[in-house]
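Just below is one structure, and these are the notes that go with it.
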Amino acid sequence: MKLNPELKKQLIQVTLISFIVFLFTVSISIFIKSRQSLPNSLVTRRDNTRISSTEKFIPNQELNEQQRFLDTINYQLKNIPSTDTYEYILLRAYGTIFINQNSEIKLPPKVILDNEQETETFQQNLQLTLVEGTRECYLQTAAAEAFNQARSIIDIPLKSGYSGDCTRSYATTLRFWQKYTNNSTLEQVKQGKETNILSLVAPPGTSQHLWGLALDLGVLNPAQKRALNENGWFQTVVKDTPHWTYLGWDEESLPKFGLRDKTVQGITYWVTPI
Ligand SMILES: [Zn+2]
């Protein structure tokens with residue numbers, strides 16, 4: 001049978017189009033399958049936009065605590081520092097904050113704010129609120145409200161009563177650092193040779209007090225500690241007893257994100273597992 005040339009041409013076109021559609025469908029289904037086979041946490045890490053502001057990231061509980069912590073902070077931090085760096089030392093010391101997922105708070109984009117200018121730019125974007133009953137203690141609003149709530153249960157005094165107990169400027173953190181250290185201390189911290197100092201004072205640009213999410217408080221009894229814990233505030237820097245951090249979770253949630261409890265001299269701190 002001899003086909004009409006026009007019909008033959010149409011038949012070839014239809015066959016070609018069908019083949020292309022077939023190839024497209026196969027590659028799409030292979031792509032979807034490959035994404036489904038990844039652990040949930042990895043899928044989320046690759047596409048943070050899938051998490052809405054009200055939805056919380058809970059890491060895969062089958063992972064070990066270090067991996068749960070890293071997956072969680074990967075959701076908040078743009079870059080996780082590599083293990084042999086100064087940034088990693090600071091992440092270990094002060095990084096509990098990055099599990100905070102309260103949608104109203106802002107976390108710094110990195111562990112170290114490099115200078116006064118960078119700190120000011122970050123702080124200008126914070127919504128700060130004066131803590132009730134104080135003259136100059138400012139915190140990010142959600143942290144201030146949680147602290148007010150704790151203080152509505154029981155009175156909790158600030159450590160000094162001055163603004164330095166709460167949100168600090170870069171210049172203040174620099175002054176505190178210089179007060180307790182000498183010229184070689186920072187270099188020793190960077191080389192990992194000196195870590196004790198981190199319980200006493202944070203290197204310039206690294207204090208949780210720059211982020212509006214930390215408080216230094218006066219002597220505390222168990223009832224005051226309980227009121228703070230119930231409102232998302234925890235001691236997170238071992239041996240820095242007056243220092244409290246707003247993690248924004250209840251205590252039983254903290255291990256979900258890999259945090260470890262560490263009791264030193266009768267005080268329980270929640271620390272990073274790295
Ligand atoms: Zn402090």
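Counting convention: from 1, in listed order, for ligands and their atoms alike.
- In this structure the side chain of Phe257 never reaches within 4.5 angstrom of the side chain of Pro273, judged on heavy atoms.
- For the Zn ion (ligand 1), the nearby protein N/O/S atoms, meaning those under 2.8 Å, are His209 NE2, Asp216 OD1, His243 ND1.
- Under the 4.0 Å criterion applied to side-chain N and carboxylate O atoms, Glu118 and Lys110 are assigned as salt-bridge partners.
- Ser169 and Thr172 are linked by a side-chain donor-acceptor pair at a separation below 3.5 angstrom, with hydrogens and angles left out of the test.
- Checked against side chain to side chain donor-acceptor pair (under 3.5 Å), Gln208 has the following partners two or more places apart in sequence or in another chain: His243, Thr245.
- The distance between the ring centers of Phe147 and Trp244 does not fall below 6.0 angstrom.
- A side-chain N or O of Glu187 and one of Gln191 form a donor-acceptor pair less than 3.5 Å apart.
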